[in-house]
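First up is the structure itself, then whatever we jot down about it.
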Amino acid sequence: STQRPRPRVLLKAPTLAEMDEMNISEEEESP
Amino acid sequence: RPVNIPRKEKDFQGMLEYKKDDELKLIKNLILELKPRGVAVNLIPGLPAYILFMCVRHADYINDDQRVRSLLTSTINGIKKILKKRSDDFETVSFWLSNTCRFLHCLKQYSGEEAFMKHNTPRQNDHCLRNFDLAEYRQVISDLAIQIYQQLTKVMESVLQPMIVSGMLEHETIQGVSGLKPTGLRKRTSSIADEGTYTLDSIVRQLNNFHSIMCQHGMDPELIKQIVKQMFYIIGSVTLNNLLLRKDMCSWSKGMQIRYNVSQLEEWLRDKNLQTSGAKETLEPLIQAAQLLQVKKKTDEDAEAICSMCNALTTAQIVKVLNLYTPVNEFEERVTASFIRTIQVRLQNRKDSPQLLMDAKHIFPVTFPFNPSSLALESIQIPGSMNLGFLLRV
């Protein structure tokens, strides 16, 4: 079997704390 | 209507396809409403992690970065949500710590990075992610695992806390010792064994319970070792702190009882093959305090022996134990003030902390050593009981 090249597109991720903030604001927005 | 033609395992590529609209349902059924008890007993350990990763693989395969991002974010938020809801349930926290670590290992094992591919089969190498590098998400998931580890420590502490003083210090199990009371001190409990009193057996049973749950969840062995070390640190520090505050715990016979209790905990470690966990070493201050209660405390030679023996205790702790020491019979003597001064002079060059009590809330730094799995993703089948019929094996 051939080895695949390393995936090329780096997906930028928010930090865990930033995710928390996004989640809180989403919850606030929803009724 | 599609015809359901049974396919051979080798025809699957180890991916799970789902509709974008089903992402919420996936998180709900797989994370928020999953009962760890049923899953742990009946299914492959780490199954939720493998399912989530197989969904990530499909999103990567169709080169849909939004879908990958959305799934990873929803997964992380779902895990956080269930851990908030069942924050004091050891089974839930242990279950999601195991699965979060397994998910992290999958993201590494199938990342396409050579360092993580060493133990892969050729088929597993074929299953590596094609389009996206998820290194940044791996960092977020590793941070999440650290948070869950800290939560697990707090849960263990709250369960063990009420048992420790009773089981490690107050309850007496050694025959012939229990009758000996320090002079002038009355027994705090009635002579009839109190119902509801915790004993060392209660602690050992609780350790067995924690250990068996973690094993059922397929927790990484190296992680179990770290958790056990943390449990032992809690037991050792709470016991020592109470000994340092209670005169009735500072006697020769208590020293003997503590050493017996510690030996039982050590036996538990051997029984579970956890001798290399570093757990025993966390009991060293307590072991030395118990020895200090039992050695002679009179001559200069005794002082020298105590100073070289008690290297895991601070000067403040050694002096406190000597001050609190209470003879149990006429053959023993109270420690003289001059002996304590001799000890203080001998130890004055030590640069140890002036603190008397141990920090019972201390949490050791945790690591999650990479632990690849030999499980073939294409062989994974999802039981109907998980209500994930909307996922399509690809």
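We use all heavy atoms of the structure for the numbers below, so side chains are in, but hydrogens, waters and symmetry mates are not. Per chain, numbering begins at 1; letters A, B, ... match sequence-line order.
- Counting heavy atoms from C-beta on, the side chains of A:Leu16 and B:Lys80 come closer than 4.5 Å.
- Annotation: side chain of A:Leu11 is in contact with side chain of B:Val68 (closest heavy-atom distance under 4.5 Å).
- In this structure, the portions of B:Leu144 lying under 4.5 Å from any heavy atom of chain A include both its backbone and its side chain.
- Interatomic distance, A:Leu10 CG to B:Leu134 CG, rounded to the nearest 0.5 Å: 8.5 Å.
- How far CD of B:Gln139 is from OG1 of A:Thr15: 10.5 Å, rounded to the nearest 0.5 Å.
- Atom NZ of B:Lys19 has 12 or fewer heavy atoms from other residues, nucleotides or ligands within 6.0 Å.
- The structure places CZ of A:Arg8 at 13.5 Å from CG of B:Leu129, a figure rounded to the nearest 0.5 Å.
- Residues A:Val9 and B:Asn131 have side chains not in contact (no heavy-atom distance under 4.5 Å, counting atoms from C-beta outward).
- With a threshold of 4.5 angstrom between heavy atoms, B:Gln147 approaches chain A through side-chain atoms but not through N, CA, C or O.
- Rounded to the nearest 0.5 angstrom, B:Asp133 CG and A:Lys12 NZ are separated by 10.5 Å.
- Remark: B:Phe370 CZ is packed, more than 12 non-hydrogen atoms of other residues, nucleotides or ligands lying under 6.0 Å away.
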